[in-house]
Amino acid sequence: MKGIFPIDKLQRLQTPFYYYDAELLRNTLRVINDEAHKHEGFCVHYAVKANANPKVLRHIREAGLGADCVSGGEIEAAIRAGFPSSKIVFAGVGKADWEINLGLDHDIFCFNVESIPELEVINELAIAKSKTARVAFRLNPNVGAHTHANITTGLAENKFGIDMRDMLKVIEEARRMSNIRVVGLHFHIGSQILDMGDFEALCNRVNELQLELERHHIQIEHINVGGGLGIDYEHPNRVPLPDFRAYFDTYAKKLKLRPGQTLHFELGRAVVGQCGTLFTRALYIKVGSVKQFCIVDAGFTDLIRPALYQAYHKIENLSSDEPKETYDVVGPICESTDVFAKQTDLNRCHRGDLIAIRSAGAYGEIMASQYNCRRLPQGYMSDEI
Ligand SMILES: *Cc1c(COP(=O)(O)O)cnc(C)c1O
């Protein structure tokens with residue numbers, strides 16, 4: 001098992017750092033393309049917020065995916081990585097004027113709009129540039145997802161999207177605006193979703209809304225169903241790829257596309273999650289009265305998911321074959337939440353051991369901070385070390 005990492009090369013690098021398996025990333029992208037392109041009109045974007053490491057972005061751009069951006073900075077990162085602006089989508093509840101202008105200047109494919117006040121600002125800024133902004137309305141489908149409460153987004157109580165009961169009203173309003181063209185509807189129900197039934201529920205809701213639009217003779221070119229497909233955090237070796245076939249087949253079977261319509265996806269975690277590992281070293285083994293701690297040199301400034309969402313990451317000691325012992329794996333930051341795992345079994349740890357925190361390719365490096373004046377972790381691609 002330890003054979004999946006080039007340990008000798010990794011030993012030479014300063015911890016903590018992220019390591020991305022280029023071969024796994026390429027395989028993942030190949031399967032995504034194979035499975036999506038079985039279905040006519042399917043179009044896959046990558047949600048840049050999951051990981052904007054330029055080397056990771058380059059692989060994804062080379063595979064031909066579009067870029068789903070949620071800030072001006074992400075639009076810039078996507079363009080720097082070579083994504084054509086015709087494949088860039090800009091979403092987010094709070095777009096600042098400069099970010100909208102950036103999107104207009106680059107003639108991006110589409111703005112995903114979340115409120116009427118935002119639409120008015122986009123229209124005004126487009127008028128000032130004599131441009132037409134293509135928009136999709138992000139509707140809140142009020143579909144729950146069986147995932148962590150902090151990462152469900154499709155319920156009426158979430159801040160995201162426009163209430164679907166206002167759908168006709170906002171489309172009518174947009175049609176009166178001179179420099180706006182409505183091209184799509186957009187949805188996103190949450191993240192780390194493994195139950196295809198949740199995506200099915202979204203399909204059913206989209207079908208209902210399409211029928212309602214047709215009753216009012218409104219035709220929509222693009223349906224965007226967001227992302228959210230989860231990965232297997234428990235078994236990164238056994239299940240390195242999410243079930244893309246089941247995912248795309250669910251949409252192909254359940255969502256009734258109209259002739260000529262395209263169906264867009266914005267996958268983040270499912271694309272990059274399993275290819276990334278955070279490498280850290282054991283600094284000290286501290287034996288307390290009731291438990292023992294493995295204190296490592298990575299902290300929540302490097303990987304915040306456990307502290308932020310109580311997320312599970314599989315942890316392995318790559319330097320030891322000794323019998324397993326139970327540890328709390330903790331970082332050096334001055335916060336009690338700086339814990340990667342409680343009561344987890346690792347091969348007996350010693351100072352200097354190389355520890356792998358798995359499935360950290362998504363929402364890992366990109367969420368790193370400098371709290372405690374710490375350095376940001378480096379990110380390495382397997383084919384460059
Ligand atoms: C975060 C986000 C995504 C990607 O979510 P994943 O769970 O990483 O696939 C897609 N679309 C929107 C609108 C998002 O906010």
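Starting from 1, each residue takes its place in the sequence as its number. Atoms within each ligand, like the ligands themselves, are counted from 1 in listed order.
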Query - Given V225, V48, V44, N112, the one that forms side chain to side chain contact (heavy atoms under 4.5 Å, CB included) with E266 - result: N112

**Report entry** Verify same cluster id: Y233, L278 (apolar side-chain graph, 4.5 Å)
**Finding:** no

Requested in this report: Find all atoms of ligand 1 within a distance of less than 4.0 Å from any non-hydrogen atom belonging to H186, and give their numbers and elements.
Outcome: 13 (C)

Query raised in the report: Is V70 touching ligand 1 with its side chain, its backbone, both, or neither, if touching means heavy atoms under 4.0 Å apart?
Result: neither

**Report entry** Atom indices of ligand 1, in the order listed, that fall short of 4.0 Å to a heavy atom of G227
**Finding:** 9 (O), 10 (C)

Report task. Measure the acute angle between the ring planes of F279 and F5, then classify it against the limits of 30° and 60° as parallel, tilted or perpendicular. Result -> perpendicular

Query raised in the report: Just which atoms of ligand 1 are under 4.0 Å from any heavy atom in S191?
Result: 6 (P), 7 (O), 8 (O)

Query - Aromatic F90 / basic K95 pairing, under 6.0 angstrom, 45° off normal - result: yes

**Report entry** Passing candidate, side-chain hydrogen bond (donor to acceptor under 3.5 Å, both in side chains) with H222, options H186, H264, R134, Q261
**Finding:** H264

Query raised in the report: Among H45, E266, K49, which residue places a heavy atom closest to atom 14 (C) of ligand 1?
Result: K49

Query raised in the report: Which of the atoms of ligand 1 are close to R269, meaning less than 4.0 Å from one of its heavy atoms?
Result: 6 (P), 8 (O), 9 (O)

Report summary line: Looking only at non-hydrogen atoms, the one of A91, A47, A50 nearest atom 4 (C) of ligand 1 is A47

Query raised in the report: Should K55 and D383 count as an ion pair when the cut-off is N to O under 4.0 Å?
Result: no

Requested in this report: Using a strict cut-off of 4.0 Å, indicate which atoms of ligand 1 neighbour a heavy atom of R138.
Outcome: 13 (C)

Report task. Start with the C-alpha distance between R58 and E62, add both sets of side-chain angles, then the distance that settles salt bridge (Lys or Arg N to Asp or Glu O under 4.0 Å), and finish with yes or no. Result -> CA-CA 6 Å; R58 204 195 63 225; E62 282 170 1; 3.5 Å; yes

**Report entry** N/O separation below 3.5 Å, G228 to ligand 1
**Finding:** yes

Report summary line: Taking only non-hydrogen atoms of Y363 and a 4.0 Å limit, the atoms of ligand 1 in range are 1 (C), 4 (C), 5 (O), 6 (P), 8 (O)

